[in-house]
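Working notes, beginning with the structure itself.
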Amino acid sequence: MTEPRVTTMARDLAIDLGTANTLVYMKGRGIVLNEPTVIALNRQTGEVLATGREAWQMIGRTPGYIVAVRPLRGGAITDFEITERMIRLLLQRVGVSRFTRPKVVICVPSAITEVERRAVTDAARRAGAADANLIEQPMAAAIGADLPIDEPVGNMVIDIGGGTTETAVISLGGIVALEAVRVGSFDIDSAIQSHIRREHGIAIGDQTAEKIKLAIGSADLTEDEVPAEVRGRDLTSGLPKTVELTPEEIRTAIEDPVSSIITSVTRCLSKAPPELSQDFLVRGMYLVGGGGLLRGLASRIERETQVPVRMSKVPLEAVVLGAGHVIEHYDDLKGMFMGARR
Amino acid sequence: MASWLIVPVIAGTLVIVIGLNMRRRRDTVASFQRQIDALSPEARRGVTERIRELDPGRDESDGNGDDRTESDDNGA
């Protein structure tokens, strides 16, 4: 199976290696790749059959000899070897070879362990990067949301991804307070799947759960709510069955992960120094990440924290744009890398 | 070694060490300033342009805060 290549000499790269999606920014060119973080393997031989969108389409639809996996779960690497192969394929797709050895900056969750850090940087180097460094996702998100983090003012960013939610207060180019929780939009999808299994006795796949979330899921009461029908496999008979779902029941079903997210935001608020708190109590907190697009979530966070919430205009791309900015100003911003001596 | 050399050698070493320390301090100050400058609105112009490319409807940066939630419209 072949996939389209970015046929150009690879320049320095920034990678947002997310639980849900992987985006690659090339210096001077912008975002050159935006694909689901999924890899499809031959179960018997271990060969890679597809990555990205092609592999994502296979989820839940594979024959016995193919397995489509997400190598990252909850922001953590569940399989180092597969992650390394995926990074290598990713870099090859954007033109990295033994003749082009770009510098690579990879965005990772702040709560990443030392072992995972080494695994990611080693994987990038083995894949052909001349140098690989890591930057915390909230920092990259704040830059990508175009926040004035160069100033001595409090900037607060909430990054709700597929597997993690990270809330950070940033000032003068550094993280002042940070709260991370391994709950994201995939947990919301799982909650919908569990609810439907428990209450309606049917099994649905990940992608169907996501469609339900997008159609009628919400964190808060919204206008013009209408029910939706979903078709799945009856757990008792094994036959297809259609059930009607109401927005209220889905809201209740996803309350646990939504509450966890809001609680972590509140905890970060409580950690912020008073002087900086004054700044974002007026300027607001900025929401990035696909998880932040859940209907009613921004207004609910605002209601429960009493702090204005603003949505980034490019919530899905903010992290990689921020990392891209770091790549464009590599020498001046290398002090921001994880593990850099400051 | 001639004893008269000891004092100049020690003095010279001290001057070099102090000079290097002062240079390192200036370097860290300059390095921090370069980092801050690289995060300034002027330096972030590239980010603003990329945002504009991805979302042509906007005409101001996110940092200026035009993106209120729907609760504003409801007057909440």
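Naming convention: chains lettered A, B, ... in sequence-line order (proteins, then strands); numbering from 1 in each chain. The figures that follow rest on heavy atoms only: side chains count, while hydrogens, waters and symmetry mates do not. Because the structure is predicted, anything quoted here is derived from the model rather than measured.
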In terms of heavy-atom pairs under 4.5 Å, which option from A:Ile301, A:Leu321, A:Asp220 contacts chain B the most? A:Leu321
A:Val314 and B:Arg50: CA distance, side-chain angles, deciding distance, side-chain contact (heavy atoms from CB on, under 4.5 Å) verdict: CA-CA 10 Å; A:Val314 287; B:Arg50 298 279 180 214; over 6 Å; no
With the side chain counted from C-beta on, respond yes when B:Gln35 and A:Asp332 share a heavy-atom pair under 4.5 Å apart, and no when they do not. no
So which residue, A:His329, A:Arg303, A:Lys334, A:Glu151, ends up with the most heavy-atom pairs under 4.5 Å with chain B? A:His329
Tell me whether A:His325 contacts the main-chain N or O of B:Ala38 through its side chain, where contact means a donor paired with an acceptor under 3.5 Å. yes
Got more than 12 heavy atoms from elsewhere within 6.0 Å of CD, A:Glu275? no
Quick check for you: to the nearest 0.5 Å, what is the distance between A:Ile143 atom CD1 and B:Leu39 atom CG? 5.0 Å
For a 4.5 angstrom cut-off between non-hydrogen side-chain atoms, does B:Arg44 reach A:Asp150? yes
If you compare all heavy atoms of B:Ile51 against all heavy atoms of A:Asp146, which two are closest, and at what distance to 0.1 Å? CD1-CB, 4.1 Å
When rounded to the nearest 0.5 angstrom, what is the spacing between CG in B:Asp55 and NZ in A:Lys313? 5.0 Å
